[in-house]
Each structure stands twice: as structure tokens, then as C-alpha cells.
Protein chains: 2
Amino acid sequence: MSTSVPPAYHHGDLRHALVEAGLELLASGGAESLGLREVARAVGVSASAPYRHFENRQALLAAIAREGFLRFDAVLRAAGEGIAPAQRLQTIGRAYIGFAFDNPQLFRLMFSPEVSKDANPALMEAARLAYQSLTNLAAAEGLPGRETAVSTWALVHGLSVLLLDDQIRLGGIEDREALIGRVLGQFVAGLRALAAH
Amino acid sequence: MSTSVPPAYHHGDLRHALVEAGLELLASGGAESLGLREVARAVGVSASAPYRHFENRQALLAAIAREGFLRFDAVLRAAGEGIAPAQRLQTIGRAYIGFAFDNPQLFRLMFSPEVSKDANPALMEAARLAYQSLTNLAAAEGLPGRETAVSTWALVHGLSVLLLDDQIRLGGIEDREALIGRVLGQFVAGLRALAAH
DNA sequence: ACCTGAACACCGTTCAAGT
DNA sequence: ACCTGAACACCGTTCAAGT
């Protein structure tokens, strides 16, 4: 569903248009690997035009992934708003996995080895921003901050990846949401049992 | 470090030689994406020769990933052997993350969207085999099997991916091993606190 | 300042032909 | 039965040239 505004990228925002086109290509699902020429074509520009705005294909993919993290952050932040602390971990955890399932290709790109976060501070920063929603939870639970933050994050991320990859076999009766609920439920119960020592 | 045996693949095991060469290319680190021609070149065979043994590049990558899972399985199984049940989760968890760090490129390929497990039963099967070491742990802990198995697996996998991606910022004093130890330690403590209800 | 067009080296894949 | 060699359409990237 591309908007039908006139090609404003001739006036200076080709960079933005390329990122937007990349996101749309990922959302429309067909694109497996997302090529530079493919994105240029979608915008209606020559194959070499992107090089005015991105050093190479990797840099373009990184910019798209960065935008993905910004959206990810917005989703996680919105999910936590107005939720009682006691339910926040489960709620944000569900939103995390929900984002992965709503945007599978984008989520995969965000964690793809094709875009190295180490080589791209802007991308790393956007990723960190998104993770704050999760890492902040630890304090709210009144638990040893560091371990709890890392394990919550790792649990939810691992769950997303394994479910997306269809690696966790769901039993016949059981659905995904129910499994997520029970796993997160057991996890917070464990944390609370520890806190009550 | 390629072995210097004569080219036996002219006698029928080119398939095996290609997989082996792929594993070596991944281990020697340089290869980011691992191409079909690249692997063929490493074996000393024409670019089209692999098509006698693999339908396409994806199938070759899947076979390499499958071999990765078999090695992964061997490492996890060996790690659990002769370890007291009480320490088994931590020990195998450490071995899981250890494998990821010893074989980063291979580990990434094993979980790459470039090789779809859904489309490849042999690969999926090898992956499941490797995971049994982890999922079997739940029973040993005497806990609700399903949730514990899934969350252990998700935690350890998420931790591997986030650490590999350099996403978890390690404090100045803290080293990776210590963090892993504390995270896994807190996790099993939580499980046990629950079990003791 | 920003984009096009042609060119380069490379890739995955196909297919006729060799042994 | 298994492999080669040439060919195809395609890709990322560079660079001179256009406006």
C-alpha cells in the first residue's frame, strides 16, 4: 500500500524514501533478502542513486533496521503505558513477541548478521532505546537489577526467535498465546518467589 | 586447515566434501554470506558441479547447517555426561553459549532466515535432536515439564544471540562468563523456589 | 548538489557437451 | 553417472557525464 504523493524525493528526501520503500517491501513479505537495486527500483530511481545517501547496501539495510527499532521502541513503550507494575513484564513481553510476529521480515533484518550493530552506532543506539522498556522492568519488580534485566530480555527474545523459526512444537490443543502466557507467568512467579526469599 | 588427502570426491563424495568445505570457510571466519561458487572453488570443482548434489544454494547451506546441528548436539550431550542433575542446567547452558562463541558464523547460519527449517525436514530433525539435551533438563529438575523446557531453552538461546550480537553491554569489571553464571544461577534458583512452593 | 547510464566483476542457475 | 564450459539474467559498486 504505497502512498500516492508525488515524488518528493527529487527535492531532497530520497534517503527517507528509500528507507520507507525498504520497510514496505519487507512488510509485503515477498522480499527474502532485500537488494539495493530492488529498493531503488521500488522508488523509481536508478541503481546508483542510493549511493548519494548510503555508502553501500549494508548501510541502507542498517538504516531500515534502525527505523525498525524505532517502531519497535514505540510499540513496547505504548504497551507498558498505564499498566500496573505487577502486570508490566507479561504485557511488554507479549508486545515484544507480538511485534516479531506482526513484522517477521523486519524483525529478522533487525537481528540479521547482515547488519552489524558494532559497525553502526546509530543502529546500536536505536536498539538500546527499544530495550530500555524491558530492562527498566527489573527495578519495578524490586529484584537484583542486572541479572533480572538480562534474563527477562533474553527469555523474551529467545522465545520470539524460536517461535518465529517454528522451532517450538506447539501441541495440538495448545496455541501460541497460551504457551507464551504460561512461560512468562512461570518466569515472574519464579522471580517473585526469589524476592520473597 | 584443510586436510591434504587426494581428491576423493571424484569417486562419489563431492556432496560431503562441499559440506566440509563450507564448514571450514565458516570457521576461518572471513566468509560473511557463503556463496555456492565460493564453496565449489574451495573444493576445486566447477561452479555447476554442486547441482548434481544440491537443488540450489539454499539446500547446500541447509546441509551445512544440519551438520552444524549434529556437532552442536554432540557438544551439548558431552557436556551433560556425568554431571550431577543439580548442576546440569547450568553446565549445558554454558556449553550452549560456548558453542555459539566458538563457532559464531556457523551458529548464525544455523539460525539464519536464509535456511528455512520448515522447508527442510532433515535440518529440522537435527535441530530437534540438539535441543533434546536442553528440553530433557526440565524433568530432571522435577518441574512442570513444558514451561520449564521452553523457558530454559529460550533463555539460553536469547542469551547466546544477544551476547554474540554485542547487544548486552558488559560492565567494566564484569566478564561474560560471570554474567552467564549469575543469570543461569538466578534462573534455576527461581525454578527451585517454585518447586518448593 | 543530485541523479543517470554505461560499465565491471561477480553471482546463482541452466544446459549442452564431454568422459 | 558425474563433471565441465559457456551462457543467461541478475547483483553491488564505480565513474564519467548530464542537469
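Keep in mind that the numbers below use all heavy atoms, side chains included, and drop hydrogens, waters and symmetry copies. No experiment lies behind these values; they were computed from the predicted model shown. To find a chain, count down the sequence lines: A is the first, B the second, and so on, and within it residues start at 1.
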Assign a letter to each nucleotide of nucleotides 14-19 of chain C from its 5' end: B, base within under 4.0 Å of a protein heavy atom; S, sugar-phosphate only; -, no contact.
-> BB----
What pairs with Ala178(B) under side-chain contact (heavy atoms from CB on, under 4.5 Å), at least two apart in sequence or on another chain?
-> Asp175(B), Arg182(B)
Counterpart residues, ring pair (Phe, Tyr, Trp, His ring centres under 6.0 Å), relative to Phe107(A) (two or more places apart) = Phe111(A), His157(A)
Which parts of residues 110-123 of chain B get close to DNA chain D, meaning a heavy atom less than 4.0 angstrom away?
-> none
Take Met124(B) and Asp118(B) through the test side chain to side chain contact (heavy atoms under 4.5 Å, CB included) and record every step on the way to the result.
-> CA-CA 7 Å; Met124(B) 177 74 100; Asp118(B) 302 285; 4.3 Å; yes
In residues 127-135 of chain A, what donor-acceptor pairs under 3.5 Å come from side-chain atoms, sequence neighbours left out?
{"from": "Arg128(A)", "atom 1": "NH1", "to": "Gln167(B)", "atom 2": "O", "distance (Å)": "3.2"}
{"from": "Thr135(A)", "atom 1": "OG1", "to": "Tyr131(A)", "atom 2": "O", "distance (Å)": "3.1"}
{"from": "Thr135(A)", "atom 1": "OG1", "to": "Gln132(A)", "atom 2": "O", "distance (Å)": "3.4"}

Side chain to side chain donor-acceptor pair (under 3.5 Å) contacts in which one or both residues fall within residues 73-85 of chain A, not counting sequence neighbours = Asp73(A)-Arg77(A)
Looking at Asp166(A) and Lys117(B), does any basic side-chain N land under 4.0 Å from a carboxylate oxygen?
-> no
List in chain and number order the residues that pass side-chain contact (heavy atoms from CB on, under 4.5 Å) with Arg94(A), two or more places apart in sequence or in another chain; answer none if no residue qualifies.
-> Gln90(A), Glu177(A), Ile180(A)
If you check the Asn56(B) side chain, which of dC3(C), dT13(C), dC3(D) turns out closest?
-> dT13(C)
State which residues pass ring pair (Phe, Tyr, Trp, His ring centres under 6.0 Å) with Tyr51(A); sequence neighbours excluded, sorted by chain then number.
-> none
N or O in side chain of His53(A) less than 4.0 angstrom from dC3(C) OP1/OP2 = yes
In dot-bracket notation, what is the pairing pattern of DNA chain D, taking Watson-Crick (N1-N3 plus N6-O4 or O6-N4) and G-U wobble (N1-O2 and O6-N3) contacts under 3.5 Å, with [ ] crossing and | for other strands?
-> ||.|||||...|||||.||
With Arg71(A) via salt bridge (Lys or Arg N to Asp or Glu O under 4.0 Å) - residues at least two apart = Glu20(A), Glu67(A)
Is the NZ or CZ atom of Arg192(A) positioned over Phe187(A)'s six-membered ring, under 6.0 angstrom from the centre and within 45° of the axis?
-> no
Give every pair of a protein N or O atom and an N or O atom of nucleotides 9-11 of chain C that lie under 3.5 Å apart, one pair per line with the distance.
{"from": "dC11(C)", "atom 1": "OP1", "to": "Arg41(B)", "atom 2": "NH2", "distance (Å)": "3.2"}
{"from": "dC11(C)", "atom 1": "OP2", "to": "Arg41(B)", "atom 2": "NH2", "distance (Å)": "3.0"}

If a pair satisfies side chain to side chain donor-acceptor pair (under 3.5 Å) and one of its residues is in residues 55-65 of chain B, list it, with sequence neighbours excluded.
-> Arg57(B)-Glu114(B)
